Amino acid sequence: MIAMKKSEKKSAKRLSTKPQEAKAWGGRFSQKTDPEVEAFTASIPFDFRLLPYDIAGSLAHARMLARQGILTKTEGRLIEKGLKEIRTKWEQGKLHYTPADEDVHMLVEKRLRKKIGTAGGKLHTARSRNDQVALDLRLFLRDQVRALSRELKTLQENLLATAQKDGGAVLPGYTHLQRAQPVLLAHHLLAYLEMFCRDQVRLSEAWRRINRLPLGSAALAGTTFPIDRRGVAEDLGFDGLAANSMDAVSDRDFVLDCLSAGSILMMHFSRLAEDLILWSSSEFDFIAIDDAFCTGSSIMPQKKNPDVAELVRGKTGRVYGHLMGVLTLMKGLPMTYNRDLQEDKEAVFDALDTIRQSTRLLARMMPRIRFKADRMKEATTAGYLLATDLADYLTTKGLDFRTAHRVVGELVARAIENGKELEALPLSFLREIHPSFGPDVSRWLNLEASLARRNSPGGTAPGRVRKALHAMEKKICRTDYPF
Ligand code: ARG
């Protein structure tokens, strides 16, 4: 701690007679903050986790102030040393706070001033908490989105490995949750992989929009000091500057970008989870999820429940809630910064914690699922899954598709009456319904043939799926962040 000059001691004493001596902004106040107000307005209990980002921003800011001659080199060095010490304390879990510390920004500044005296009070030159908090949140989200993207990539890799290993199984594809047409399991899983590739793009786009420096906007209108925003942007690895100071301090689009990309990702997770939940039921019995990823019932000894998948589905609602919360928070805000904005933090923290946890668990669960190819195939043998093939067959005999559809519809109704599947009907029976049926129909009423014929681009024909798996390997790799 630097010794105070006599004049400083005097002014410190004068200030200390004020009731708000502890508050950095206490100058114009004559009464102490009500303790309940202090607790109500404090963000320190949750923004404490932003501390390393707050310090990183302050370090870059102090270095710039020193470069620009706004601080002396000595002051700059002193500030740098003090900030690093505070960060170390935080890392060691030795930094403590009370609601009176308000938020992470005031806590750091207070500690710094305690450590290094007046030089600490110079750190806030040409800066406001308004641009500071926007910076902290951007730095935090930059890390979070990149980490999420990596975790999602692991999920994609594990899902692809599953599709490659077990994807040859055939199962009913469903519409309206009614058996529709046979598909390869790999095709079904690739559908999710396509969704996740789009999610990756959304995340990287969110990341790019996050990566703009708000600092240097000060409270709202810029600053009178000769600052170097480009230098700070470069120092912190930002792609550029937020162009308008009023926008920079009040915009939370980047938070919404993360929450909306995250909500869509969770929606995809939830759909996958729903499939896994259905498939693990006795009614489907297509998969068995490893015991380590299920839990039991407190009363029913036979139960093994797919809780991870259920909770991923459930937590999706929670993430949507945060998106709605921040959208609602923003909608009526006048320009520029308003304290309401403090409410964005818990939402985005909880959303990202939830999304990342869900991603990691799904990634770990995928390799622990056993796919029951026999059961899947068995399910394709009932439910008239080849009816469309039969209609297609009739069109090759010259019928228009609408007529063919009606003919096969009648045939299905008759088959149901007789309690038979289409493959089990004799040719004479088919010909009674329509004379265009010939002996070659058997080549259409066949599972493998049905799959192979769906050879249109994007279809489930095995050759197509093989190529799609291959293409997916490359698509997954294309998700790199600059740092
Ligand atoms: N804790 C505040 C937040 O999260 C920091 C900014 C406070 N700015 C202010 N002018 N009161 O938004």
Side-chain angles (χ1 to χ4, degrees), residues 20 22-29 31-58 61 83 86 90 95-113 121 123-144 210 213-223 242 245-256 258-259 322 325-353:
Q20 284 289 9
K23 299 275 191 277
W25 40 257
R28 65 102 67 213
F29 286 76
Q31 279 176 41
K32 261 181 110 95
T33 316
D34 180 287
E36 205 172 335
V37 170
E38 208 153 60
F40 185 68
T41 55
S43 55
I44 188 72
F46 48 87
D47 66 18
F48 192 56
R49 72 188 277 185
L50 289 178
L51 190 134
Y53 301 100
D54 196 71
I55 302 258
S58 289
H61 183 64
L83 287 173
I86 296 169
W90 180 88
L95 192 69
H96 305 292
Y97 62 79
T98 71
D101 289 315
E102 293 183 55
D103 56 28
V104 68
H105 327 293
M106 298 317 289
L107 175 75
V108 171
E109 189 186 312
K110 196 159 130 189
R111 293 305 166 105
L112 187 67
R113 281 190 287 125
L123 172 62
H124 213 52
T125 313
R127 188 176 74 170
S128 153
R129 269 188 292 171
N130 300 348
D131 56 346
Q132 189 179 356
V133 70
L135 171 66
D136 290 8
L137 207 50
R138 283 175 185 266
L139 288 172
F140 169 80
L141 285 175
R142 212 168 60 170
D143 270 5
Q144 288 288 321
I210 292 169
L213 178 82
L215 203 70
S217 303
L220 75 158
T223 174
S245 63
M246 296 178 79
D247 180 37
V249 296
S250 60
D251 144 51
R252 293 293 180 273
D253 298 11
F254 64 99
V255 171
L256 288 165
C258 294
L259 290 174
H322 290 313
V326 178
L327 279 171
T328 311
L329 173 73
M330 296 302 297
K331 74 180 268 294
L333 290 188
M335 292 284 268
T336 53
Y337 179 86
N338 297 271
R339 191 62 179 270
D340 315 43
L341 290 173
Q342 180 167 293
E343 290 289 311
D344 62 359
K345 272 162 227 65
E346 283 164 295
V348 79
F349 291 167
D350 184 69
L352 274 156
D353 290 345

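In listed order, ligands and their atoms are each counted from 1. Positions are given from 1, in the same order as the sequence printed here. Owing to the predicted nature of the structure, the values given are computational and were not obtained by experimental measurement.
At a threshold of 4.0 Å, the pair D47-K345 does not count as salt-bridged, since none of the basic side-chain nitrogens sits closer than that to a carboxylate oxygen. Ion pairing between a basic and an acidic side chain is recognised when a charged N comes within 4.0 Å of a carboxylate O; R129 and E109 show no such pairing. Taking a cutoff of 4.0 Å between a charged side-chain nitrogen and a carboxylate oxygen, R138 and D251 qualify as a salt bridge.
For residues 328-347, no pair satisfies ring pair (Phe, Tyr, Trp, His ring centres under 6.0 Å), with sequence neighbours left out.
In this structure, the ring-ring contact (aromatic ring centres under 6.0 Å, His included) partners of Y97, at least two apart in sequence or on a different chain, are F48. K110 pairs by the salt bridge (charged side-chain N to carboxylate O under 4.0 Å, His left out) definition with D101, not counting sequence neighbours.
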Tabulation required: pairs of a nitrogen or oxygen in ligand 1 and a protein nitrogen or oxygen under 3.5 Å; columns are atom names and distance to 0.1 Å; otherwise 'none'.
{"residue": "ligand 1", "atom": "1 (N)", "partner": "S43", "partner atom": "OG", "Å": "3.0"}
{"residue": "ligand 1", "atom": "1 (N)", "partner": "D103", "partner atom": "OD2", "Å": "3.1"}
{"residue": "ligand 1", "atom": "1 (N)", "partner": "Q342", "partner atom": "OE1", "Å": "2.8"}
{"residue": "ligand 1", "atom": "4 (O)", "partner": "K345", "partner atom": "NZ", "Å": "2.7"}
{"residue": "ligand 1", "atom": "8 (N)", "partner": "N130", "partner atom": "OD1", "Å": "3.2"}
{"residue": "ligand 1", "atom": "10 (N)", "partner": "N130", "partner atom": "OD1", "Å": "3.1"}
{"residue": "ligand 1", "atom": "12 (O)", "partner": "Y337", "partner atom": "OH", "Å": "2.5"}

